[in-house]
Structure formats: structure tokens, C-alpha cells
Amino acid sequence: QVHLAESGGGSVQTGGSLRLSCALSGYTSSNYCLGWFRQRPGKAREGLVHVGGDGMTSYTDSVKGRFTASLDNNKNTLYLQMKYLEPEDTAMYFCAALRSDGGYCTSNDLGDFRDWGKGTQVTVSS
């Protein structure tokens with residue numbers, strides 16, 4: 001089981017930037033795929049990016065070019081750098097882990113991500 005703890009959320013104005021962190025415990029790069037997700041007010045939780053154990057990333061179209069995920073295995077931390085934030089990015093942001101042999105991201109199904117952090121709130125004002 002992986003324990004995850006997000007931090008770095010806050011309030012920014014349109015066009016601003018934030019970097020979220022996800023501290024990992026019990027994680028090994030050869031056994032887990034990681035992901036960043038968000039839940040906007042009144043909407044279903046959605047996936048933003050998956051990060052394989054080798055650091056390879058796969059982004060959803062809505063955040064390509066604005067959000068960058070990175071994994072520091074030495075610090076056991078997953079990051080999400082967010083730029084050009086818009087009010088529509090206002091959401092609770094979560095990191096999660098999917099157990100996968102080899103650390104490959106083989107599923108887009110949120111239900112396959114069994115370990116979740118509690119989330120960090122991002123609010124973007126116009």
C-alpha cells in the first residue's frame with residue numbers, strides 16, 4: 001500500500017502558477033503507476049496525468065502544455081507544475097497510485113487507482 005500526501009495548493013489569480021507536491025510512502029517505481037487527478041465543484045473526478053515508474057508521462061488534452069508532472073525518486077515525491085491557471089482549474093487536486101508490475105501505467109480507470117491522498121485545494125480567481 002502506498003501512502004500519499006498532497007501539498008502546495010492555494011489561491012491564485014488567472015494566469016498564475018502553482019506547484020503541487022505529493023509525498024510518497026511505501027512507493028517503489030517498479031511496482032506503481034502514479035497519477036494526478038482533480039475534482040471540480042459539481043463534477044466527477046477526472047484524470048490529468050499518469051506517471052510511470054520510469055518517469056514517462058501521459059497527459060489529458062485539457063492540461064497539455066500548461067501542466068507538467070515530474071517524479072523525484074530520490075525524494076519520494078511527485079510534482080505537478082501548473083502554469084497559466086484559469087478559473088476552470090479550480091478544484092481539489094489528488095495524487096493516487098495504481099499497483100502495476102514494472103510501474104507501467106496500463107489503465108485509465110480511476111477505480112484501478114486504489115491508494116489516494118486527501119487532496120489539496122486550488123482556487124483560481126478571475
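Keep in mind the model is a prediction, meaning the values are calculated, not measured. Along the sequence shown, residues are numbered consecutively beginning with 1.
For Asp115 (side chain) and Val2 (main-chain N/O), a donor-acceptor pair under 3.5 Å exists by modelled atom type. A donor-acceptor distance shorter than 3.5 angstrom exists from the side chain of Thr90 to the backbone of Val124, with no hydrogens or angles considered. Between the side chain of Thr123 and the main chain of Ser11, no donor-acceptor pair closer than 3.5 Å is present.
Dense packing is recorded around OH of Tyr59, with more than 12 heavy atoms of other residues, nucleotides or ligands lying under 6.0 Å away. The environment of CG in Asp101 is sparse: at most 12 heavy-atom neighbours from other residues, nucleotides or ligands sit within 6.0 Å.
For the side-chain hydrogen bond (donor to acceptor under 3.5 Å, both in side chains) with Tyr93, the qualifying choice from Glu6, Gln121, Arg38 is Arg38, the only one to do so.
The CD atom of Glu88 sits 8.5 Å away from the NZ atom of Lys43 when rounded to the nearest 0.5 Å. Between atom CD of residue Gln39 and atom CG of residue Leu110 there is a gap of 9.5 Å, rounded to the nearest 0.5 Å. The OG1 atom of Thr106 sits 5.5 Å away from the CG atom of Leu98 when rounded to the nearest 0.5 Å. Taking OG of Ser100 as the reference point, atom CG of Leu34 lies at 10.5 Å (rounded to 0.5 Å). The structure places OG of Ser126 at 11.5 Å from CD of Glu86, a figure rounded to the nearest 0.5 Å.
Ring geometry for Trp116 against Phe94 counts as perpendicular: the plane angle is over 60°, on a 0 to 90° scale with 30° as the lower cut.
Tyr79 and Trp36 fall into different hydrophobic clusters, where Ile, Leu, Val, Met, Phe, Trp and Tyr are joined by side-chain heavy atoms under 4.5 Å apart, directly or via other members. Taken together through direct or relayed side-chain contacts under 4.5 Å among Ile, Leu, Val, Met, Phe, Trp and Tyr, Val12 and Phe67 form part of one hydrophobic cluster. In terms of hydrophobic clustering, with Ile, Leu, Val, Met, Phe, Trp and Tyr side chains grouped at heavy-atom distances under 4.5 Å, Phe37 and Val63 are assigned to different clusters.
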Can you give me every donor-acceptor pair (side chain of residues 14-31, partner residue at least two apart or in another chain, under 3.5 Å) with its distance?
from: Thr14; atom 1: OG1; to: Ser125; atom 2: O; distance (Å): 3.0
from: Thr28; atom 1: OG1; to: Asn31; atom 2: ND2; distance (Å): 2.8

Legend entry - Derivation of the ring-ring contact (aromatic ring centres under 6.0 Å, His included) call for His50 and Tyr104: CA-CA 10 Å; His50 293 168; Tyr104 299 109; over 10 Å; no
Inset, instruction - Dump the intermediate steps for side-chain contact (heavy atoms from CB on, under 4.5 Å) on Asp89 and Arg66, then the final yes or no. - result: CA-CA 11 Å; Asp89 295 314; Arg66 297 192 302 126; 2.7 Å; yes
Inset, instruction - Walk me through it: do Lys83 and Leu85 pass the test side-chain contact (heavy atoms from CB on, under 4.5 Å)? - result: CA-CA 5 Å; Lys83 300 189 297 184; Leu85 286 163; over 6 Å; no
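In plain terms, the two heavy atoms of Leu78 and Cys95 that are nearest each other are CD2-CB, 4.3 Å. Minimum interatomic distance between Leu4 and Ala97 (heavy atoms only, all atoms of both residues): CD2-N, 4.2 Å. In this structure, Thr57 and Ala69 approach most closely via the heavy-atom pair CG2-O, 3.9 Å.
Shown here are the side chain to side chain donor-acceptor pair (under 3.5 Å) partners of Arg40, two or more places apart in sequence or in another chain: Glu46. Take Asp61 and apply the side chain to side chain donor-acceptor pair (under 3.5 Å) test, not counting sequence neighbours, and it matches Lys64.
For the pair Phe113 and Ser107, the minimum side-chain heavy-atom distance is 4.5 Å or more.
Tyr32 and Arg99 form a side-chain donor-acceptor contact under 3.5 Å, judged by distance and modelled atom types alone.
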